[in-house]
Novice: 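So that we are looking at the same thing, I have put the structure below in structure tokens.
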Amino acid sequence: MKNLKFAPNVFVVKDNYDIVIVCKCEGKCYITIDGKQYRENGSGIFKIHTPVHKITVPQSVLDEAGEYTVHFHPCSSKKDYWTKMDEAEKETFKFKALKKEEGINLYYTADIHSCYESAEKCCTYFGDDLDILVVNGDYGESNSREAIEELNNFIAKLTLGSIPVIIGRGNHDARGNMSELITDYISTDDGKTYYTYKIGPIEGIVLDCGEDKLDGCDEYGGVNYFEQYRRDELDFLKETAPFGKNKYRIAFCHIPFSYKFRDDIFNIDTELYHDWSKELDRIGIDCLICGHMHSYSLCPGEHEEKFEHKYPLIVASKKSGSILGGSAITLMKDKIICRFTDEDHNVTREITIDR
Ligand SMILES: [Fe+2]
């Protein structure tokens with residue numbers, strides 16, 4: 001498809017997929033699955049004046065069909081009357097639905113900070129056996145559309161539009177001149193970057209702390225309202241029903257919010273985060289997987305924390321200069337195995353969580 005910048009990204013959110021399609025020009029975009037059309041909600045109007053389209057489809061429909069077709073009609077000048085579309089294009093993408101009950105392979109990356117080349121090397125660990133890619137925040141810069149689109153290009157290269165992706169936003173993604181646009185390029189629940197998800201036998205939650213300092217910090221110049229956002233997120237957690245006991249239950253959050261940071265400017269909203277943590281214990285999770293620290297750790301035990309929690313917390317990514325490390329996570333009936341892996345796919349440590 002000549003006007004597609006790269007393959008679509010298929011993000012998991014609730015029991016749907018948000019399919020993100022980035023185009024080289026403005027135009028009308030929709031998806032068909034088994035002949036049925038899926039569109040963005042434009043209150044009856046196709047969105048033309050945007051290079052990025054996000055189309056939600058039910059997981060059950062795409063899983064059953066095993067493929068989806070992207071349609072794009074370039075439109076260089078939408079007129080008041082008699083608009084003419086350019087020649088229509090379409091391309092069909094195969095989709096690998098998660099049908100396994102165990103031996104499920106997730107590759108986890110975070111803190112890429114624009115080092116996409118290193119991240120790509122890490123993320124090819126499972127080869128064709130990859131079932132889900134997880135990208136947990138601090139992707140790159142958010143100061144232009146082009147910079148944001150590097151994330152989607154990275155995901156496209158790894159998944160070819162065929163493998164589901166779970167994505168969380170990091171504090172650095174909330175910074176930058178165009179950071180308000182990042183939600184157009186990733187999955188959200190009605191625009192929010194925190195949400196529950198279900199895929200196959202997995203149930204989980206993606207949380208977002210937003211920035212790592214209080215809203216009044218001079219650096220931000222008053223452009224954020226994350227203190228309210230985090231309070232709203234607590235309400236959302238309180239409304240979330242406990243996950244099924246026979247499910248794999250995995251939570252992701254970029255910032256390990258229970259960690260005590262050396263510099264006090266980062267030790268914010270401690271009581272509120274303690275309440276988040278209590279809710280995660282109530283909902284019941286096998287583990288919380290984080291990034292942000294640029295070095296691996298497992299808690300309780302390997303980092304000073306501000307409060308206790310029942311769930312294991314793994315910071316499953318590292319960064320040293322431009323060299324990254326991620327984690328190859330395999331879900332087995334009785335345990336979750338998390339292997340810390342480097343660019344050359346060497347396993348530097350293996351953690352087992354009994355279920
Ligand atoms: Fe971070």
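All of these numbers come straight from a predicted model, not from anything done at the bench. Indexing begins at 1, ligand by ligand and atom by atom, following the structure's order.
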Novice: Charged N to carboxylate O below 4.0 Å: is that the case for E149 and K5?
Specialist: yes
Novice: Could you measure the distance from the CD1 atom of I202 to the CZ atom of F243? Nearest 0.5 Å is fine.
Specialist: 11.5 Å
Novice: Could you tell me whether K238 sits above the aromatic face of F236, with NZ or CZ closer than 6.0 angstrom to the six-membered ring centre and within 45 degrees of the axis?
Specialist: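 No, K238 does not lie over the aromatic ring of F236.
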Novice: The Fe ion (ligand 1) is nearest to which N, O or S atom of H292?
Specialist: ND1
Novice: Do S317 side-chain atoms and G325 backbone N/O form a donor-acceptor pair below 3.5 Å?
Specialist: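 Side chain of S317 to backbone of G325: no pair is present.
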Novice: Examine all N, O or S atoms of H172, backbone included, and report whether one is under 2.8 Å from the Fe ion (ligand 1).
Specialist: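 It does not; every qualifying atom lies at 2.8 Å or beyond.
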Novice: Using the Fe ion (ligand 1) as the vertex, how large is the angle between OD1 of N171 and OD2 of D138, rounded to 10 degrees?
Specialist: 100°
Novice: Any N/O/S atom, side chain or main chain, of D111 closer to the Fe ion (ligand 1) than 2.8 Å?
Specialist: no
